[in-house]
Every structure is written in structure tokens, then in C-alpha cells.
Amino acid sequence: MTRRGRLRVLLGAAPGVGKTFSMLEEGRRLGAEGRDVVIGVVETHGRAATAAMAEGIPVVPRARVSHRGVALEEMDLDAVRQRMPQVALVDELAHTNAPGSRNAKRWQDVDELLAAGIDVISTLNIQHIESLNDVVEQITGVPQRETVPDSFLRSADQIEVVDLAPQALRDRLAVGAVYPAERIDAALSNYFRLGNLTALRELALIWLADEVDQALQGYRQAHGIDSRWEARERVVVALTGGPEGETLLRRGARIAARSAGGELIAVHVTSQDGLHSGSPAALAEQRALVEKLNGTYHQVVGEDIPTALVEFARSVNATQLVLGASRRGRLAALLTGPGIGATVVRESGDIDVHMVNHAAAGRRPALPPLTGALTRKRRILGFVVALVGGPILTALLSLFRSVDSITTDVLSFQLLVVIVALVGGLWPALFAAVLSGITLDFLFIEPLYTVHIHEGHHLLALVLYVVIASLVSFIVDRAARYTRAARRSAAESELIETIAGSVLRGENAIQALVDRVREAFQLPGVRLVVGDEVVARAGEPLPDGRFTGIPLTDDAVLELHGADLAASERRLLGVVTAQLRAALDTERLEKTAQQIEPIAASDRVRGALLSALSHDLRRPLAAASAAVGGLRAAGPELAAADRQELLETADESLTALGALLTDLLDVSRLQTGVLTIADIATDPAEAIAPALDELQLGPADVTLALQHGDAVAHADPVLLQRVLVNLLANAHRYAPAGVPVHVSTSTFGDRLEIRIVDRGPGVPAEKKDDIFVPFQRLGDTDNSSGLGLGLALSRGFIEAMHGTLTSEDTPGGGLTMVIALRAASETDATAGVAADVSVGKGERA
């Protein structure tokens, strides 16, 4: 039988980290050791270093596949199998084969090579793992259609991460070591953003760490290793749903934090009967606390809680187990034996157990009271059966009475006791047992018609009646409890599902919760009162005005009009009120954000204008004054050329001063509440073209690459044009002679970007923040270039439109200014105008 080949996968966070290079390097090393290594398929993507590394390794020629008249090259699977090397190098494991190939995916080709006994070294990026596909799309905004199933990848014999720091990868990209020059700008600004690369790197390392954990767990199971291996500190905190949970979690977090890489794991064990599941509201709050402490929450079901807890701790390779001290009193511990904590300590083995004291420990002085789960109607029915069935049974037995029938008589009355216990529970059964014993002694046991016990075994029979009645009643009562708990759990689950469904369907969360409370508890009316205002209501309040108030926050009360709720119903109510509190907090935050946003937008614009304009008001005024003063002092003796130069200087300075005064008028309108920032679905081309016309820049000065298609952005067209004028003027000023400024547009996720690229001297990294200080030109004091609005003012306008203005290094030298705006929906684009984001009152002048 042919042995299956071994699969080794080199995993990377993104293209360009060096996976293919490392694969070829390993192939050369194995070849030097005498192994038969061939290249099944390698994609160099034009990288010289990768192509050089492939030289010297035998290559299996690729197969040519024709599709729609186009010749495509794919790995020749049959040729590789016929060549039968020891090791095959197969690049890009997630690749989709050309139509007409035997297998649709390259990983399926690799599977055939492995089945033939050929070892394979392959490469894969983290975004191509099936289970991570949606996560990667959320991070990068780019969907991935080529994926590898997790089951196949996890079957690999060896998985290695080829790691490269995100900034180092961007540097490689900038110098053209990953993509050709025409693709560099788009790559840096989209997929290869520093944040994207950092998140993908973290995702790759976490995935591999999880794979290592699973491999370690599989090894321990395969070798029957139950003892813990302290690869890292794992602290399991047992939660009961009681008030001590918060104390235990914080203690567990402190223990986990003492070692590097410590992990906090919270677990709640529910008994199979579901009767002792703790407070749902408390568990919900404790679960939220676990997430804040960077831990994980788990819930397991076990017949024996201590055993389930220890088994879970072993399954996660826990090193520490944190439990709360028992809340039972001494009497309860004495009567019922060792509690959960003592049992866990006995069974924990080499897992360290911490018993943490808390405020609720040992506060129960006695056992909880015994209460029947049967309804009052069933208990009454049990007494009726005992009172009616006893005389009927006595009459029937008297008809067939004989000397030898006493055994039948005793068993018949015992059956009656069992029937009464099944119908009515404990108290009717005890009543039937005593009544049956007296009846037997009075009517069926010699001497007749007396109630007198002459022999001890008769007394024992009466005691057995009572014991049997108690045992049967206990079983009936317990079954009734289970049934009630199951029905209650189903009802609670249905209610929570209904509440969640109402919110997910877009209904108002607060109103949906109030409606569900009224329906679930069958109340005449429910109201949510915040302060003196009723914010949500369902049904009508009672005429007498009586209600039960449930405080939610300092000023919010949930009014329940109707009968008082039972204790079991209040458990579920606690879950609903917790959701209501969260909904109220969310609504308040949204209202606060809506109230603050206009003020914040106004402040951003006003601050940008004032700080920018106040800096340069003096310069044009001084230049104009100096020019006019020179003309006056020289008089008619001034040469014509000098006179013309002074007049031009005065004209330029007064023009610049007029522009500044116009901005100041806008500020005054803003302060008096008559300036708004329009939020219009704007095509960037409609702002770029007027900006170029205003600056008189032609094709020799600017190249355009508008690739945003039909997408439009939320923007104020007037302000956007003013920003573009400023940025284009700056870029053109610093661009080398004969080298045009490049303007491009693109879409990425929910953003539309405008990039203005120059090939000038660029800006040193330590001064990039300074360029957004009002009217900083890195030492430039040329008054003839005009004042513009300044980068600080431009950034203020863009931020007021909920966008960003940032600077990046141009690959190969220069500076790139990136405007990122919110992309408008199709509805907004069709309508043309979305709602204005008001900064003040009135209309733009």
C-alpha cells in the first residue's frame, strides 16, 4: 500500500511576505541533501529574487488548457505523478484551475499528489482559509472567492507562518519588490494599509496558535495524557449565577495576569434537569464582565456538577481552578454531605484549586423549605381520591373477606396509597397511608373493631405505608418540578427569541421590549417612564393606578400594571430589564451624539478658519501697504517698470486679503448660525474639473485616473472644490519641472478616495504633523504663490464632512495627499441631495 505524502504549508498574512521565496529556498536545501525535488508550479509575479531562487530546481512543464480561445497554463498533474518526485513544490494552494481541468481547485490537485505518495510543499495566504473568509472581508473590504477548506488545511502535517512586519512589507511594496510600479499606489492605499496588514498578521498568528493548541490536545488524547501541561497559564473560573461571580472573575483575572500569555476562562455548569441554573440576569452581567477582562465564557451541561467542572478544566488544559466558598450553612453541609467545592478539590488532581471567600458564603443557616411543585388543584384531588377510594375499597374487600385474604387486603390498600401519591403528592398520600392503616387494623385484623396494635410487625406495616407514600410522593413532586422547569425554560427561550427577533427586524428596541413584557406576563398594561415622560407603553394602566415599579436607572422606571409576579417570573424579568437598560443607554448615547455633532462640526470649521486666517492676515496687508507707500514716496520720478511691479504686488496682496476677508465673513456667518455644511451626493469629477480650471492646470500639468465608476460621495461640493484647489496648488508648486501631478479616485469598502500625488521632495516623517499646522510651508515665504486656504483649513473642511485628510509618502519620492469621504448609497445618488448636516441655522450665503 502506497504511503500518503506529507503536506507542508507556508502560511502568510498577505502577498509579498516571502512564502514562495521560502518554499523555493527549502526546495534547494532538500535538493542539496539528495532529495528528488521538482517544481510543480511556481508563480514569480515578475519578482527577480524569486525567479533567481527557482533556478536550478527541475521544473515539470505546465499543461496548456484552452478556454474560449485563450490558452491558459496550469500545473500538469499527470506529468508530476508520472515523474514521481519525492517532493513537489506547488505554489498558491487556493488557486482556481482553468475550466476544463480535472480538478476545480489546486488544493484538490495537491490531494491527489499526496495520495500518490508525493510530499508537497505549498503556500497560502490567511485570507484564503474558508472559515476566515468573512473576517478578512470585514478587515480589508475585499471579498475572497478562492478558498481552501479548513478540514484539508488542518490535515497538513506541518504549517508554518512566514512572518514579516507590516511596515517592512509596505517598504518592500514601495520599492517595487512585490507589485509593478503601476499597481503600487492602489495597493498601498487599499489592501496594504498598515492597519489591514497588522490585523491580518494578528489573524494568522492567532489561527496558528489555535492550530497548535488543537495539535497539543490531540497528542495528549492519543497518548492518554490526563495531567496538565503548563504551556501557558489557564485559569478557569466556575460561575454559579450567584452574586459572588464578579468577585471570582476579578480574582481569576488577577491570577491569569501574573504570567505572560495567561488566559481567563469562565464556565457555568447547568444541571441536566435545568432546575439550578442561577440568575439569568446575573449570568448575563458576568458574561459581559468576562469579555471586558479579555476572557472567554462557556456553558456546559452535566449530570454531576463537580465532575463536569473538573472534566471541562482538563479539556482546556487548565492550570488553575477558581471556585467560591459554599453558600450553604453548617446545618445543610452536615445533612447533605460535602459540597461542590470539596468534591472538586478531591477530584482535581494536579489542577490547583482556589477557594475564594465572598460576602454570601455560609449565610444560609438552614436547608431551604420544602415546597411541593404540584398545583393546589391536584393536592385537593388527592384528598378526594383518598376519602372516596378508601370506603369503596373497604366495601369491595369486605365482600370477599376470608381468613387467608389479609395479604390481598394489605396490598390493595398499599396500591390505594400509591395512587393517591401519584395524584396529589405528599400530604394526601400521608393522609391515605394513616387512614389505610387504621382501616386495616379496625376492620381486617383480629381483634376486629378495635384500633390496637398487639404485634410489632403491624406497627412496621404502618410505618412502611408512610415510607412508601413519601417516596412515591417525592418522585411525583420531582417529576412535576422537571416538567414545570422544562416548560418554563421553553417559554423563556421563546420570549428571548421573540425579543431578539423584534429588534433584528428593525423594530424600536425599547417599544419591542415593553410589548414583549406585557405579552409574556399577561399584564393589562406596561409603561416605561423616564423622568416625567412615558417613552413607551403597551396596553392600558389599571383604573386604580396601582402598579409595581421596577427601577432601571436613576430616572427610568418600568411600571407593571397588574398582579404581582411570582418569584420564578421575576428571574425572566431580570433578563428583560437588563436588555431595557442597555437599550436606554444606547438611545441616550445616540441622542447625545446627534446633539453634539452639529456643534462639533461648527467648531471644527470655525477653529480651522480662525487659526489659519489669523496667521496670515498681516502678510498681505503689510505687502500692500509697503507697495502703496513706495509709490507715494517715489512720486513721478519712479521708473515705469518699478511702478508696474509695485502695482502688481499691491494688487496680488489686496486680492489675497480679499480672499481672507471672505473667509472671515464665513466665520461670522458660522458664529451667528447662518452657515451650513451641505451633505450632497457628489461626483468627485464635478469638483476636480472646476478646481483644475480655477488653477488653469492642463494635461501637461496634471494626469487623471478617475476609477470610481458611478460611485458618489457625501460632500459639500463648494468646500470640496476649495480643498482640491489648495491641495492641487501645493502639489503643483512642489512638483519637479515637467513632471505632472497625478490625481486618482477609487472606492474602498464604504469610502471614496481622492489621491493627489506629486513627485517633489516630499516631507520628512518627523515634519508630517507640522504640515497641518495653519499655513505651514516648511519655510516657504513666497507671497506670489498666493495664500490659499492652508492644509489646516482643508483638513477642517474635510472632517466637517465626516471625512479624513491624510498624507502619505509617494513610492519613489514625493508626497501623496489622500481625501477619504463617505460613499453615498444609490438612493442618495438618485435623489441628488441627502439631508444637510446643519452647523447653524439658515442657508449658505
>> Run the side chain to side chain contact (heavy atoms under 4.5 Å, CB included) test against A266 and tell me which residues pass, sequence neighbours left out.
In response: L239, L249, V290, Y297
> Rounded to the nearest 0.5 Å, how far does CG of L416 lie from CG of L411?
Replying inline: 12.5 Å
> Side chains of I265 and R234: closer than 4.5 Å at any heavy-atom pair?
Replying inline: yes
> In Å, rounded to the nearest 0.5 Å, how long is the span from CG of L589 to CG of D585?
Replying inline: 6.5 Å
> Taking only residues two or more places apart in sequence or in another chain, which ones pass side chain to side chain contact (heavy atoms under 4.5 Å, CB included) with I392?
Replying inline: V388, L396
> Within a strict 4.5 Å, meaning less than it, do heavy atoms of the D352 and L321 side chains meet?
Replying inline: no
> What closest approach, in Å, do H561 and P524 show between heavy atoms, and which atom pair accounts for it?
Replying inline: O-CD, 2.8 Å
>> Under the rule for salt bridge (Lys or Arg N to Asp or Glu O under 4.0 Å), what residues qualify as partners of R251, not counting sequence neighbours?
In response: none
> Do you know the tightest heavy-atom contact between A253 and L293?
Replying inline: CB-CD1, 4.0 Å
>> Could you check whether any side-chain heavy atom of E244 comes within less than 4.5 Å of a side-chain heavy atom of T240, counting everything from C-beta outward?
In response: yes
> Can you find a pair of side-chain heavy atoms, one from V530 and one from V557, that are under 4.5 Å apart?
Replying inline: no
> Can you name the side-chain hydrogen bond (donor to acceptor under 3.5 Å, both in side chains) partners of T296, sequence neighbours left out?
Replying inline: H298
>> To check you understand the geometry: which heavy-atom pair defines the closest contact between P428 and A386, and what is its length?
In response: O-CB, 4.5 Å
> Taking only residues two or more places apart in sequence or in another chain, which ones pass side-chain hydrogen bond (donor to acceptor under 3.5 Å, both in side chains) with R250?
Replying inline: E246
> So do F312 and V269 actually touch side chain to side chain, heavy atoms under 4.5 Å?
Replying inline: no
>> On a heavy-atom basis, which atom in A313 and which in I351 lie closest, and how many Å separate them?
In response: CB-CD1, 3.9 Å
>> Do R314 and V310 make a side-chain contact, defined as non-hydrogen atoms from C-beta onward lying under 4.5 Å apart?
In response: yes
>> Rounded at 0.5 Å granularity, tell me how far CG in L528 sits from CG in L584.
In response: 5.5 Å
>> Just to verify, what does V322 make a side chain to side chain contact (heavy atoms under 4.5 Å, CB included) with, not counting sequence neighbours?
In response: V235, V237, L248, I255, H354, V356
>> Suppose we screen for side-chain hydrogen bond (donor to acceptor under 3.5 Å, both in side chains). Which residues come up paired with E291, at least two apart in sequence or across chains?
In response: none
>> Going by the rule side-chain hydrogen bond (donor to acceptor under 3.5 Å, both in side chains), which residues pair with E311 if we only count those two or more places apart in sequence or in a different chain?
In response: none
> Are L283 and H268 close enough that some pair of their side-chain heavy atoms sits under 4.5 Å apart?
Replying inline: yes
>> Once rounded to the nearest 0.5 Å, what's the spacing between atom CG of L397 and atom OG of S412?
In response: 4.5 Å
> By side chain to side chain contact (heavy atoms under 4.5 Å, CB included), which residues pair with L435, not counting sequence neighbours?
Replying inline: F431, T439
>> The test is side-chain contact (heavy atoms from CB on, under 4.5 Å); show your working for T394 and L443 and say whether it passes.
In response: CA-CA 9 Å; T394 300; L443 296 176; 3.4 Å; yes
>> For R588, give me all partners under salt bridge (Lys or Arg N to Asp or Glu O under 4.0 Å), at least two apart in sequence or on another chain.
In response: D555
> Excluding sequence neighbours, so at least two apart, what forms salt bridge (Lys or Arg N to Asp or Glu O under 4.0 Å) with R537?
Replying inline: E540
> Is any side-chain heavy atom of L323 less than 4.5 Å from a side-chain heavy atom of V353?
Replying inline: yes
> Does L552 offer a backbone N or O that forms a donor-acceptor pair with the side chain of R581 under 3.5 Å?
Replying inline: yes
